[in-house]
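Okay, structure first, notes after.
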2 protein chains.
Amino acid sequence: MTNTKATAAHQALPLNQILDGDCVEAMNALPENSVDLIFADPPYNLQLRGDLHRPDNSKVDAVDDAWDQFGSFAHYDSFTRAWLSAARRVLKPNGAIWVIGSYHNVFRMGAELQNQGFWILNDVVWRKSNPMPNFRGKRLTNAHETMIWASKSEGAKYTFNYEALKSLNEGIQMRSDWVIPICNGGERLKDDKGDKAHPTQKPEALLHRILVGTTNPGDVVLDPFFGTGTTGAVAKMLGRDFIGIEREEAYRVVAKRRLAKIRKYDKEALEVSTSKRSEPRVPFGQLVERGMLRPGEELFSMNGRHKVKVRADGTLIGDDVKGSIHQVGAHLEGAPSCNGWTYWTFKRDGKQVPIDLLRQQIRAEMN
Amino acid sequence: MTNTKATAAHQALPLNQILDGDCVEAMNALPENSVDLIFADPPYNLQLRGDLHRPDNSKVDAVDDAWDQFGSFAHYDSFTRAWLSAARRVLKPNGAIWVIGSYHNVFRMGAELQNQGFWILNDVVWRKSNPMPNFRGKRLTNAHETMIWASKSEGAKYTFNYEALKSLNEGIQMRSDWVIPICNGGERLKDDKGDKAHPTQKPEALLHRILVGTTNPGDVVLDPFFGTGTTGAVAKMLGRDFIGIEREEAYRVVAKRRLAKIRKYDKEALEVSTSKRSEPRVPFGQLVERGMLRPGEELFSMNGRHKVKVRADGTLIGDDVKGSIHQVGAHLEGAPSCNGWTYWTFKRDGKQVPIDLLRQQIRAEMN
DNA sequence: GAGTTTACTGAATCCGAAA
DNA sequence: CTTTCGGATTCAGTAAACT
């Protein structure tokens, strides 16, 4: 994975800018299949009682009875359908999307995501450590919001930095419920009058976890509802490129000022823990070729129950079985699969040593 | 609120019974506007592809029952539409409904609830304290399920026992996220062969909280997907009447046996389980996500002998070592283990401050 | 009997490079 | 495109087995 993307398509994107205007039009003006990740925090407090029209363009004058309630949902659904399909168009085939919402709108977004062919990977609960209490005591304290993480389609090769998220969580795999405080204090942006600049500014910690976990340095992150630019700010810190779209000038002004102050972390700090899957493959036969193990030498299973011999071509032979280190291990254990590297040991100076130690030696030499 | 309902309509209901058959037909056979609460745990429409094995090669017992197979979203939606409208019909005007699901189906249920005119009061997250891990490391651990609580319509006078839930929560307003273990151990019902009687038995603690919070003694609680009868069992304990509907005979048999053993609670029996509260674990990565420490920032060992840098995923990197705060500390000291929280410090205003101070700050926020 | 180790299990849309 | 096969991957809790 390189940190610099020098392709023409990449360079043609309006990177690290805030685009003015309606997000559907702005996204449709971008080239298709061009962004790696979309983070979307759409409004759900649409003016339901204002200039609302039914799909047939007849005016909706009240939202009290069931029909008009349905009418307002239909209106919200068509809004959702429009921006999600524009988002889908600009997303790379192996790209992914995050959306965030509350019970007012998240069920409609989730259903529409599925309808359009996005493939849900997880729903993630942002559990607020300091939510607004329910003052009237008529319901439960609304202490969370819901995010949905989805790939563009089933089977797509989405980015997931498993080890990095595991590191963020003290070595235990990251769960689908994230405890993060709401955005306040110094992080909360104020306007010139000292009031909060945006009603629903998201905490940077949320975006940090999303971008560390599901993008790589140099990726392009699009936020069609940019607001005051949390997505852009964290993307910049983390060495990702962003594209923001925001139609309210007041928000664009605040976001621009905010972004100017952000510095990218240094490169070393942006490298994250990687999995063993990304290490080069070492054929077992190489240990034999190099004389680290000799043909005819005996290997012993980790549990001590089985003994086999190494052959010159890097296969193993036992009493009634021959094949690769993995195949023989799986067969002897009656298991569907087996990692031969961790299953087999050899003897040196009377002690049992895992063969994986030899693989590590070879890998060390490769650097 | 009386505890005895002597009306003819109430008496005519098949109370505290398990009805055989399809839930839509069975609900349509009940009088309209007759039940106080519905709890529904419908099939989730999981779409599992192949087998899944744990890292130890044991096979995961998948939910592959015929009742969870739907051909498409369209089929699932029409199923949902049918049972929800039948449920709506039998619900009293001031009644309420709870549904539970995962990301596979909950967005479709939530949207359909809204479409039918139900009024969502809260979405509630059941955070599992002991979920099944993600064995392949390809996604986040699926550690929660979502419940939706809705009244029959906007403005309905639903039941909400605010103080009772507050008491259940040690005097603090009950939040929309509930930490409850999955159902296992002695509570998990077994069949004659000793296998689990139902693949998705819900914990009684979940229903306990729902019924205490949103029904009164003597209320009628309907469960159209009764399974092995958790709803009925808790309703009986708490002095509520129930109506169960279940089409699988095997589940009805188990549920009936279970219910026969249940006794209505004595008040004092309720107060036994107070939680042992230990200090919550705080991952070091959270300090980074929250910007309390920045990627690239330097940490110094308490003894001043070592200096390392923080990375974006909450690991540390030194001259020849990287890993968690504990691992790196242990390595540098040549010790078998090390408490990184007390070992590392950072600089603020020229002074060395232990990182543990930041952890204490986060813990303070959590209370 | 008391303490320790091993085995088992849970609503899961769970692999990917090379041939 | 399909097939093959190397080999990476788990947390909390219960209960049985063992010392």
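One atom, CG of Leu52(B), and another, P of dA12(C), lie 9 Å apart when rounded to the nearest Å.
Both Lys157(A) and Ile120(A) lie near DNA chain C, and the one whose nearest nucleotide falls closer to the 5' end is Ile120(A). Between Cys183(B) and Pro133(B), the residue whose closest nucleotide on DNA chain C is further toward the 5' end is Cys183(B). Both Ile172(A) and Asp356(A) lie near DNA chain D, and the one whose nearest nucleotide falls closer to the 5' end is Asp356(A).
Residue Arg54(B) places a side-chain atom within donor-acceptor reach of the base of dG10(C), judged by atom type and a 3.5 Å distance cut-off alone. Taking 3.5 Å as the limit, the base of dA8(D) and the side chain of Thr342(A) contain no donor-acceptor pair of atoms between them.
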Protein-nucleotides 14-19 of chain D N/O pairs under 3.5 Å:
none

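On the C1' atoms, dG1(C) is 15 Å away from dA17(D), given to the nearest whole Å. Of the C1' atoms belonging to dT9(C) and dT10(D), the separation is 12 Å, rounded to the nearest Å.
Checking the phosphate oxygens (OP1, OP2) of dA8(D), a side-chain nitrogen or oxygen of Arg359(A) falls inside 4.0 Å. Distances shorter than 4.0 Å separate none of the side-chain N or O atoms of Lys59(B) from OP1 or OP2 on dT9(C). Contact annotation: Ser324(A) side-chain N/O to dG6(D) OP1/OP2 distance is under 4.0 Å. Contact annotation: Asn339(A) side-chain N/O to dA8(D) OP1/OP2 distance is under 4.0 Å.
In this structure, Arg108(B) forms no cation-pi arrangement with Tyr76(B), as its terminal cationic atom is not both closer than 6.0 Å to the ring centre and no more than 45° off the ring axis.
Counting only Watson-Crick and G-U wobble pairs whose two distances sit under 3.5 Å, DNA chain D takes part in these stems of three or more pairs: C:2-10 with D:11-19, C:15-19 with D:2-6.
Using a 4.0 Å cutoff on non-hydrogen atoms, the parts of residues 273-282 of chain A near DNA chain D are Ser275(A), Lys276(A), Arg277(A), Arg281(A), Val282(A), ordered by number.
The closest side-chain donor-acceptor pair between Gln116(A) and Glu112(A) falls under 3.5 angstrom.
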